Amino acid sequence: MGRESKVSPKYDILAVVTLNKDRVLSGKPLTLLAQNEEEQKEMTDDIAKALKAEIVRMKTNDFLIIRE
């Protein structure tokens, strides 16, 4: 069942780190393109640490950096 339209999520997506250039869009959240998996993981870890945020790996192998 879907969420009610009046319910706000209890987290903010701060950034997305991807390897797919077709997923890089402007706007919020910040979307970063990594050159390879190693760089993607390093970027994700560094950003999450700096922002004191959590990391979520999606089935598409993109990483979300979120804060509750």
Side-chain angles (χ1 to χ4, degrees):
M1 184 170 249
R3 290 186 178 190
E4 295 290 328
S5 61
K6 296 179 183 178
V7 177
S8 298
K10 297 182 181 184
Y11 58 88
D12 289 318
I13 300 173
L14 304 175
V16 178
V17 183
T18 184
L19 294 172
N20 186 338
K21 67 179 181 177
D22 295 330
R23 290 195 188 106
V24 178
L25 303 171
S26 62
K28 188 178 177 188
L30 172 66
T31 307
L32 302 170
L33 178 63
Q35 298 297 318
N36 55 53
E37 286 185 33
E38 182 179 335
E39 182 183 51
Q40 182 186 32
K41 290 176 184 176
E42 287 177 9
M43 288 171 59
T44 302
D45 289 340
D46 290 345
I47 293 167
K49 184 176 179 181
L51 298 176
K52 297 179 181 173
E54 300 295 322
I55 299 170
V56 176
R57 185 174 192 158
M58 299 173 55
K59 289 180 182 179
T60 60
N61 289 323
D62 293 335
F63 289 91
L64 298 178
I65 301 169
I66 63 169
R67 184 183 300 146
E68 291 186 41

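In this text, all values refer to a predicted model and were calculated from it rather than measured experimentally.
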Surrounding CD of E54 (heavy atoms of other residues, nucleotides or ligands, distance under 6.0 Å), is the total greater than 12?
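Count not over threshold, so no.
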Rounded distance (nearest 0.5 Å) linking atom [atom1] of [X] with atom [atom2] of [Y]:
| X | Y | atom1 | atom2 | answer |
| --- | --- | --- | --- | --- |
| I65 | I55 | CD1 | CD1 | 6.0 Å |
| N61 | K41 | CG | NZ | 8.5 Å |
| M58 | L64 | CE | CG | 5.0 Å |
| T44 | E39 | OG1 | CD | 10.0 Å |
| L19 | N36 | CG | CG | 7.5 Å |

So do L51 and R67 actually touch side chain to side chain, heavy atoms under 4.5 Å?
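Contact flag for R67/L51 side chains = yes.
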Please determine whether residues I47 and I66 belong to a single hydrophobic cluster, defined as Ile, Leu, Val, Met, Phe, Trp and Tyr linked transitively by side-chain heavy-atom distances below 4.5 Å.
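No, I47 does not connect to I66 through the hydrophobic network.
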Same cluster (ILVMFWY, side-chain, under 4.5 Å), V24 and F63
no
Give me the atom names and distance for the closest heavy-atom approach of I13 to P29.
O-CB, 3.3 Å
With distance as the sole test, does Q40 use its side chain to make a donor-acceptor pair with the main-chain N or O of V17 at under 3.5 Å?
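The answer is yes, because a donor-acceptor pair under 3.5 Å joins these two groups.
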Please step through side-chain hydrogen bond (donor to acceptor under 3.5 Å, both in side chains) for the pair D62 and T60, ending with a clear verdict.
CA-CA 5 Å; D62 293 335; T60 60; 3.3 Å; yes
Let me see the working for Q35 and M43 under side-chain contact (heavy atoms from CB on, under 4.5 Å), right down to the final yes or no.
CA-CA 11 Å; Q35 298 297 318; M43 288 171 59; over 6 Å; no
